[in-house]
Structure formats: structure tokens, C-alpha cells
Amino acid sequence: MAHALAVDRQRVRHAIEHMDESPIGAAALAGTGFAIDRHMTASALGFREPTRNSIDTVSDRDFALEFLSIASICATHLSRLAEEIVIWSTPQFGFIRLSDAFSTGSSIMPQKKNPDAAELVRAKTGRINGSLVALLTVMKGLPLAYSKDMQEDKEQVFDSAESLELAIAAMTGMVRDMTIRTDKMKAAAGSGYSTATDLADWLVREAGLPFRDAHHATGKAVAMAEAKACDLAELSLEDLQSINPAITAGIFDVLTVEASVASRKSFGGTAPSEVRKQIAWWRARN
């Protein structure tokens, strides 16, 4: 999520660069016959330069649409994280516990804690997306000149800016205050034979099997573990060798959740060593 939000910030910076042009002097449509100096005016107002086409200056709302597009993408990222928070905070998952500042009690169930802030972030996203579609719809049928229809841009832009600001503040507070239940996460990570892919990869790397054959052999191992009601790492070496005699005791080095996670060392991967590098990289840039 850090990377997604950082890209959102880059979009904002690019948008500011696009908008760094002064419309002053474009007049109502075609410029003016008065001897004005638009470059001087732009400089005095702090713009990089004046806009280059007077008709386009008064007839487009690209700056508003670009902002609404950025807001919609950013809000969508926040909404997806909010959805994770809603799911993670349920008793069925229990991965996190929200603080009282960003949740409320149920009106009927005294034991229940509602993730209100996360749910409102999801809802605000629909509102922001709607503003983008609304202004696009206003603009799609207009001639290349100024029309009063364009006054409808204000409500969409201002409402979206306020909604996004609120969503960012709510998400910041939730993430800052939440309690992470690592014990619950670790237990869930090991369920469902999650290291089966590591078994298949080991068969490719160490036993030289084509992945298709390794995939098939791993399926047999999972079926055997299910029949024995145990995890893959709890199968004996003899059990695994009955599926493929090329399997050695080295297979047990990859069948734990810890080993599986630690093996994802490619750049940008999720091994703890790579995650620490990414954290350091982002902190150095913020």
C-alpha cells in the first residue's frame, strides 16, 4: 500500500505541473485585442507560463477531471485497504483490533465492535468516483467553447476534495492505532497447505522435474496430508518418497511458513529481508 499511495502522490505532483499555467488573458474565448502581456501576468501570479490556446483555456475542465481522476484512484486504494481492515477485524479472522477512536459499539449486540471508519472510507470512495463520472458526463457533449454547464464542476471538485481528505485522515488514524495480532496471522498463514507451491518449486530446482510433473506430485502430497489430517511438513520422508523417490530430507527446509516467506528474496519480494529494505527506502524518501 505504501507504493500505491506513493504513486498517487506522484500523480498529484504531475497534475500540479500540468496546471502550472495561467488562464488570465484568455478572455471569454478568443483572447483580446488589448495590448496585454500574458507572460508578465503569469509570472506575477506565480505560474510557470500562460496557457497557449485561449479557446481551450475557457472550454476545458481537464484540470478538474485530472484531479477527480487522481482522487478516485487514491480513494480506491484506500477503499481496498479499508476492506481488508473490515475483514481482518472480524472474529473469524481476528488479525487486527481497532481502537475505540475509530470504531463503535453495535446498537443491538453489546459484544460487537463496528469498524465504522473503514466502512465510511469505502463509502466515500463511491462518492468520489461518482463525481468523476458526473463531470465527465457533463463535459462529453459540450461544444469547444464556454458553456454554463461547466459551473457544475465546483460541487464535484470541492466535495471530492473534502471526502478524500477525510478518508486519508481516517485511514491514517486507523492504521496508527490498530493492534496487530501476529499470532492469528501466523496461524492463518500456515493453513490450507500454503507451502504446497514451495514443495513444487523444490522438485523443480532440486529434483529436476518439469513443473507440470512437480505440480502433479505436489497434488498427491496434499491429498496424502489431507488423508492423514496433517500438514505437509508433518509427512514423513518415506511418505514423500513414495510419491517421488528423488525427494530428500532437504525438502523439509522449505515446508514451513517461515521458510516459505523467507525464500521470496527477489527484488520487491515479501521476504522479511526485502521488506526491511523497502521500509528503509521509503523512510529515506519521506
Side-chain angles (χ1 to χ4, degrees), residues 1-83 120-173 282 285-286:
M1 185 53 65
H3 182 267
L5 295 176
V7 174
D8 290 334
R9 186 170 61 180
Q10 289 177 354
R11 292 190 182 97
V12 172
R13 290 171 175 167
H14 294 160
I16 291 173
E17 182 179 352
H18 298 159
M19 297 175 195
D20 195 12
E21 299 177 347
S22 171
I24 301 300
L29 178 68
T32 179
F34 290 96
I36 63 173
D37 185 346
R38 293 191 64 209
H39 288 84
M40 182 275 291
T41 307
S43 177
L45 293 173
F47 288 95
R48 182 183 68 246
E49 60 185 355
T51 55
R52 293 185 173 273
N53 186 283
S54 60
I55 294 178
D56 185 65
T57 298
V58 299
S59 68
D60 84 59
R61 287 296 182 270
D62 290 0
F63 60 92
L65 290 169
E66 188 167 11
F67 165 74
L68 290 173
S69 177
I70 292 168
S72 294
I73 295 171
C74 181
T76 298
H77 290 150
L78 295 176
S79 181
R80 296 180 69 181
L81 179 55
E83 172 67 6
L120 288 171
V121 168
R122 290 188 309 191
K124 290 291 185 184
T125 299
R127 188 165 173 168
I128 294 170
N129 291 349
S131 292
L132 171 60
V133 174
L135 187 55
L136 283 169
T137 304
V138 167
M139 298 300 298
K140 73 175 185 61
L142 298 184
L144 298 177
Y146 177 75
S147 303
K148 285 287 186 181
D149 311 50
M150 296 181 190
Q151 292 187 354
E152 290 297 312
D153 65 343
K154 312 299 187 298
E155 184 177 3
Q156 310 305 331
V157 168
F158 296 158
D159 184 73
S160 292
E162 291 174 0
S163 295
L164 182 61
E165 184 177 12
L166 181 60
I168 291 173
M171 185 59 68
T172 301
W282 286 113
R285 280 148 186 79
N286 291 325

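All values reported here derive from a predicted model rather than from experimental measurement. Side chains are part of it too, since the values below use all heavy atoms of this structure and drop only hydrogens, waters and symmetry mates.
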**OP:** I would like to know whether T41 and I36 meet side-chain contact (heavy atoms from CB on, under 4.5 Å); could you show each step before the answer?
**Re:** CA-CA 9 Å; T41 307; I36 63 173; 6.0 Å; no

Side chains of [X] and [Y] in contact at under 4.5 Å (non-hydrogen atoms):
{"X": "L164", "Y": "L78", "result": "yes"}
{"X": "L132", "Y": "N129", "result": "no"}
{"X": "D8", "Y": "V12", "result": "no"}
{"X": "T51", "Y": "R38", "result": "yes"}

Provide the closest heavy-atom pair for [X] versus [Y] in the form atom of the first, atom of the second, distance.
{"X": "R122", "Y": "A82", "result": "CG-CB, 3.9 Å"}
{"X": "S160", "Y": "L68", "result": "OG-CD2, 3.3 Å"}
{"X": "A15", "Y": "I70", "result": "CB-CD1, 3.5 Å"}
{"X": "I128", "Y": "A75", "result": "CD1-CB, 3.7 Å"}
{"X": "A64", "Y": "V157", "result": "CB-CG2, 3.7 Å"}
{"X": "N53", "Y": "T57", "result": "O-OG1, 2.6 Å"}

List the atom pairs, donor and acceptor, that lie under 3.5 Å between side-chain atoms in residues 144-154 and the rest of the protein, sequence neighbours left out.
residue : atom : partner : partner atom : Å
D153    : OD2  : R61     : NE           : 3.0

Nearest 0.5 Å, please: how far is [atom2] in [Y] from [atom1] in [X]?
{"X": "R48", "Y": "I16", "atom1": "CZ", "atom2": "CD1", "result": "12.0 Å"}
{"X": "I55", "Y": "D60", "atom1": "CD1", "atom2": "CG", "result": "12.0 Å"}
{"X": "R9", "Y": "H14", "atom1": "CZ", "atom2": "NE2", "result": "11.5 Å"}
{"X": "S131", "Y": "D159", "atom1": "OG", "atom2": "CG", "result": "5.0 Å"}
{"X": "S163", "Y": "L120", "atom1": "OG", "atom2": "CG", "result": "10.5 Å"}
{"X": "I168", "Y": "E165", "atom1": "CD1", "atom2": "CD", "result": "8.0 Å"}

Flag yes if more than 12 heavy atoms outside [X] fall under 6.0 Å of its [atom1] atom; otherwise flag no.
{"X": "E49", "atom1": "CD", "result": "yes"}
{"X": "H18", "atom1": "NE2", "result": "yes"}
{"X": "R11", "atom1": "CZ", "result": "yes"}

